[in-house]
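Numbers restart at 1 for each chain; the letters A, B, ... are given by sequence-line order, proteins then strands. Nothing here was measured: the structure is a model prediction, and the numbers come from that model.
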Amino acid sequence: MDRQQKRARLDLGTNVAATSAAHGPLLAPGFSDLIQPGCNPFNGKPYSRRYHDILRGRKELPVYGFLERLLDAVKNNQTVVVEGETGSGKTTQIPQFLVKDYARRGSKCVACTQPRRVAAMSIAQRVADEMDVQLGEEVGYSIRFEDTTGPNTLLKFMTDGMLLREAMSDPFLERMSVIVLDEAHERTLSTDVLMGLLKELLQQRKDLKCVVMSATLDAEKFQTYFEGAPLLRVPGRTFPVEIFYTPEPERDYVEAAVRTAAQIHACESAGDILVFLTGEIEIEDVCQRLRNEAQKCGPERGELVVYPLYSSLPPRQQKRIFDKAPGPRVAGGMPGRKVVVSTNIAETSLTIDGIVYVVDPGFSKQKVYNPRIRVESLLVSPISRASAKQRAGRAGRTRPGKCFRLYTEASFKSELQEQTYPEILRSKMSNVVLTLKKLGIDDLVHFDFMDPPAPETLMRALELLNYLGALDDDGALTDLGRQMAELPLDPQLAKLLLASPEYKCSNEALSVVACMSVPQIFQRPRQKQREADDAKNQFAHRDGDHPTLLNAYHAYKHHHSDPAWCSENFLSSRSLASADSVRQQLQRIMERLNIPLVSTPFDDPDYYVNLRKCILAGNFLQVAHLERGGSYLTVKDNQVVALHPSTVLDSKPPWVCYEEFVLTSRNFVRTCTAVECRWLCEIAPHYYDLQNFPKGEAKVALERCYRQIMAERAKE
DNA sequence: GAGCACTGC
């Protein structure tokens, strides 16, 4: 920390105590003169009774006494870092407080980003209520598929990804006077890119202000990154949580989790339990075991209701976690309690009130990226100390709680890393690179990322974009690349769509791409796997999973998107409905880009062939060749893979083009479609170039194919 | 012949 920063922090630090004691005036000086007394300055209407009710509660928030101080800091600095824990009220109070000085109707607004859609929506509603205005007028939100903002908007809540997209059409963010980045400590890919972008933009737009809000722990890292930014610390308001560690390391964390939850139910006083685990299968297993354990308790302990929680659970079952725990079973007995067994979804995305006990085995599934073989995969890994603290905090939202960590205190202190690696260090960069190029950032190597991705990861992204034709050999964005960046898709899928008119299948490509951009549309409940497989076979196309997706989507439309029909046929109507929204959005963008929307007639023998060629036009880097031994080798990377058992392909075609590489018990390729060697030579000769092709059976087959093509051409 | 942590555009 340099001297200037240190001084800035001290200045704030000394004054903070004084202002927190005395609640300063809410309106900025001079502002209240402009309006009728008792009227809402934002819309000139008299305040409702509810406004005053809510205001009383707002004045109790820890952040309330800091607001004037914050305004001072923002006035005197371009960037301010705010550190505030859960319950401080920073998310709702700070953005609306800035509106008074920094937003002007019809010209400038305050924007506040959130990592999640639900948060953007619900916070916007809450703040609109607090400001006593109609949601969609002075306060609105903007998320994918929904924009409630308009010409009167003074305060706009949006997802971080949405702001990034807006920056593409408005690189100087000219409509905005203050950008508030909330939940910056989560370090989502979009927030990290935005921070780098804002750091540059702040140099160019001296009138732009930026407030970076983070939970405790690493606010100083943000302060260092935004050189000279003052740090404002706001206390939180939560209840104490007592932490317990195991004296010895646990060999089997699943077993330990069951035992601990059962013990809490048997011995501890009333209050609900939250157990963190890593995935669906583990969770369903533990739920079953807990139901069995609960039977062993006497009736005086009350009933134990067990709920699983993970994102692919149908919404109706997800909502059950909010049901109240049952009362006592016998007069004078203990009330019942609920135990929620959850993935990380309960760590940040979903808050369950009434949790008093947390069981934390210390693991979660985390994305990792291996640039060498270009594979993103999920790995069960130890969580960070920050994550452990967040989990424990879930026990103290309504009253004092207890957290049982299923690891030793020594390993908490010495083995867990302080922070989870930010997503940008664990992801492929192809999409980020395309976005940055589109935003006019040419020199990616010197772009000021808070945590720069590995050079090899960036190289892989540049290479991929070059092969796809999005970047030329000098790394400059091509016309195709500019169009690809407009589509909210991975570059391969964007390329596939843009190539679709060439293969006379734009409408079909749109449907397939939409289905691939949503969670799995085929459902396979554990109890009914056979029935589900039979249902899927109705849609199966012998040449692969992509045509099968198209068939299922068509059947869905043919049955008028009927949810009952979906569930009879083991299709997720939730996924298909969102595929429909995605498809509409993509179609609108294609129309705007003047990409012709064409189809091959369904009775044409080339209907599916054209689609398969088009799939290959986007996915030609994801191809595997069947080797003599019977296993597949991925092209160029030479990874041994097997077709994922979910594939509809029942024979093993010599060449398959796949959507993703999944690393679980073995290496699998998922969503596979048979392609022909010839197509590789015709569609992607620059990639299937014999000069740069590793020796092996695939190369031999390609050589044979090229010779054949030459011979045919000679004959013509 | 087997899983898919969580977001977001």
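- No engagement by A:Gln366 is indicated, since no non-hydrogen atom pair under 4.0 Å with the nucleic acid exists.
- When the nearest nucleotides of DNA chain B are assigned to A:Met162 and A:Lys367 by heavy-atom distance, the more 5′-ward of the two goes with A:Lys367.
- If A:Arg426 and A:Phe145 are placed on DNA chain B by their nearest nucleotide, the residue sitting closer to the 5' end is A:Arg426.
- Backbone-only contact: A:Ile345 has heavy atoms under 4.0 Å from sugar-phosphate atoms and none from a base.
- Within the 4.0 angstrom heavy-atom criterion, no nucleotide atom of any strand lies near A:Asp490.
- If you check every strand for non-hydrogen atoms under 4.0 Å, A:Ile143 touches sugar and phosphate atoms only.
- A:Arg187 comes within 4.0 angstrom of nothing in the nucleic acid, heavy atoms only.
- Note on A:Ser364: nothing from the nucleic acid sits closer than 4.0 angstrom, heavy atoms only.
- Among all heavy-atom pairs drawn from A:Leu425 and A:Pro452, the shortest one is CD2-O, 3.3 Å.
- Residue A:Arg116 is in sugar-phosphate contact alone, with no base atom involved, counting any heavy-atom pair closer than 4.0 Å across all strands shown.
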Open item on the list: Show, in sequence, the C-alpha distance, side-chain angles and deciding distance for A:Ser387 and A:Glu347, and conclude whether the side chain to side chain donor-acceptor pair (under 3.5 Å) test is met.
Closed with: CA-CA 8 Å; A:Ser387 187; A:Glu347 196 180 300; 2.7 Å; yes
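- Contacts of A:Ser190 with the nucleic acid, taken as non-hydrogen atoms under 4.0 Å apart, are absent.
- The existence of a salt bridge linking A:Lys365 and A:Glu280 is excluded, since no basic side-chain nitrogen approaches an acidic carboxylate oxygen closer than 4.0 Å.
- Remark: A:Lys428 fails to qualify as a cation-pi partner of A:Tyr369 under the 6.0 Å distance and 45° angle criteria applied to the six-membered ring.
- Scanning DNA chain B 5' to 3' for nucleotides with an atom closer than 4.0 angstrom to a non-hydrogen atom of chain A gives a first and last hit of B:dG1 to B:dC9.
- Taking the centre and axis of the six-membered ring of A:Phe412, the NZ or CZ atom of A:Arg405 falls inside the cone set by 45° and 6.0 Å.
- Among the heavy atoms of the strands lying under 4.0 Å from A:Arg117 are primed sugar atoms or P, OP1, OP2 only; no base atom is included.
- Evaluation of the salt bridge (Lys or Arg N to Asp or Glu O under 4.0 Å) rule for A:Glu255 yields A:Arg259 as partners, not counting sequence neighbours.
- Contacts of A:Gln529 with the nucleic acid, taken as non-hydrogen atoms under 4.0 Å apart, include base atoms.
- The ring pair (Phe, Tyr, Trp, His ring centres under 6.0 Å) search around A:Phe447 returns A:Phe449, not counting sequence neighbours.
- Heavy atoms of A:Thr188 sit nowhere under 4.0 angstrom from any nucleic acid atom.
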